[in-house]
There are 2 protein chains.
Amino acid sequence: MDNPEASGRDSAEPDGLIDALVQVSFTTTAVLSKVAADNDLSLTQLRVLAILRDRRLRMAGLADYLGLEKSTMSGLVDRAEKRGLLQRAASLDDGRAVDVFLSPDGAELIERLYAGILRSLSPMTTALTPAEQRRLQTLLERMLGTSAV
Amino acid sequence: MDNPEASGRDSAEPDGLIDALVQVSFTTTAVLSKVAADNDLSLTQLRVLAILRDRRLRMAGLADYLGLEKSTMSGLVDRAEKRGLLQRAASLDDGRAVDVFLSPDGAELIERLYAGILRSLSPMTTALTPAEQRRLQTLLERMLGTSAV
DNA sequence: TATTGTTATACTCTATAACTATA
DNA sequence: TATAGTTATAGAGTATAACAATA
């Protein structure tokens, strides 16, 4: 976990993979948070922009995506809208629903952020050889594919 | 990122690895947050307990570990201490410093949490064969080893 | 009746700034 | 002077509960 040495693993222990997975996740999240913070965004705000990068979603859709309550989404969207990063519009299909989508400023910002993310994370991935990178990608995608979680 | 399809990758794109890495990190973090929430803890509180699992650290040490401000640590430790999960004690070496360590209840809790984490994350890892699991662990540890990030 | 979204409320997380005590 | 930690303050993130509007 946060303390891999605590389990005394040296790559031979059964839970070593999960420890490594958690460790890598924290490192990755820290990098993403840094990129977001450098642009006065929280990690959640960054994720909202990323999700809307090429879609228009309803409030409920966004909340589902992030695993948050609708009321939490209202606040997040309020603040991002106030900053001119995204917009709301009544849904045409359903009078109760509200569509959310990026404003031009928001679209421009997420492109910059995305480039920043690739730049910030590449030191991690380029620690591996190209062949290793391909293998790692395959394994990660196989784990995701089994969306057992 | 949060929207891998947005980059139109199909495992052939250069940034596919980073997309997968981010995706896996979010999934992993969501599982950890769920385990924490099921025990009325935030992810950060869980991390504090995990870090202290087998060490006694000063406030500053904890803050460094988590990348948080000292004042933030004060609040986190206050609340956890109030719940009887950890304790503070004046450092013997340095009159200004404060050591933090788990209480018996906190120690018991983190063991249960750790077991819960392994159980909750195993559906992801067991999607891979044992040989793949070993390879993945090796690759992840190699990425971490190059603590370039 | 059920669903979509907002508002009110409360609490946690977080940072910045100002402060105390020790080094 | 510099460092360790706390406190005060403010804002963001989060959930629960109550509500209005629409389905």
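Numbers restart at 1 for each chain; the letters A, B, ... are given by sequence-line order, proteins then strands.
- Not counting sequence neighbours, the partners of D94(B) by the side chain to side chain donor-acceptor pair (under 3.5 Å) test are R96(B).
- Take L118(A) and apply the side-chain contact (heavy atoms from CB on, under 4.5 Å) test, not counting sequence neighbours, and it matches Y114(A), D15(B), I18(B).
- Every pair passing salt bridge (Lys or Arg N to Asp or Glu O under 4.0 Å) that includes a residue from residues 71-80 of chain B is listed here, sequence neighbours excluded: D78(B)-R88(B).
- Taking the ring axis of F26(B) as reference, the NZ or CZ atom of R47(A) stays within 45° of it and closer than 6.0 Å to the ring centre.
- Rounded to whole Å, the distance from CG on D64(A) to C1' on dT3(C) is 13 Å.
- dT14(C) atom C1' lies 16 Å from atom CG of L62(B), rounded to whole Å.
- Listed by chain and number, the residues in a salt bridge (charged side-chain N to carboxylate O under 4.0 Å, His left out) with D40(A) amount to none (sequence neighbours excluded).
- Less than 4.0 Å separates DNA chain D from at least one heavy atom of each of the following residues of residues 87-98 of chain B: R88(B), R96(B), A97(B), V98(B).
- For E69(B), the side chain to side chain donor-acceptor pair (under 3.5 Å) test picks out no residue, with sequence neighbours left out.
- Screening residues 108-124 of chain A for salt bridge (Lys or Arg N to Asp or Glu O under 4.0 Å) gives R53(A)-E111(A), E108(A)-R112(A) as the qualifying pairs, with residues at least two apart or on separate chains.
- With a cutoff of under 4.0 Å to any heavy atom of chain A, the contacted region of DNA chain D is bounded 5' to 3' by dA12(D) to dA23(D).
- Of the residues in residues 68-85 of chain A, K70(A), S71(A), S74(A) come within less than 4.0 Å of DNA chain C through at least one heavy atom, sorted by number.
- Applying the salt bridge (Lys or Arg N to Asp or Glu O under 4.0 Å) test to every pair with at least one member in residues 126-138 of chain B, sequence neighbours left out, gives these pairs: R142(A)-E132(B).
- Under the rule for a salt bridge (charged side-chain N to carboxylate O under 4.0 Å, His left out), the partners of K34(B) that lie at least two apart in sequence or sit in another chain are D38(B).
- Among residues two or more places apart in sequence or in another chain, the side chain to side chain donor-acceptor pair (under 3.5 Å) test is passed with R56(B) by D99(B).
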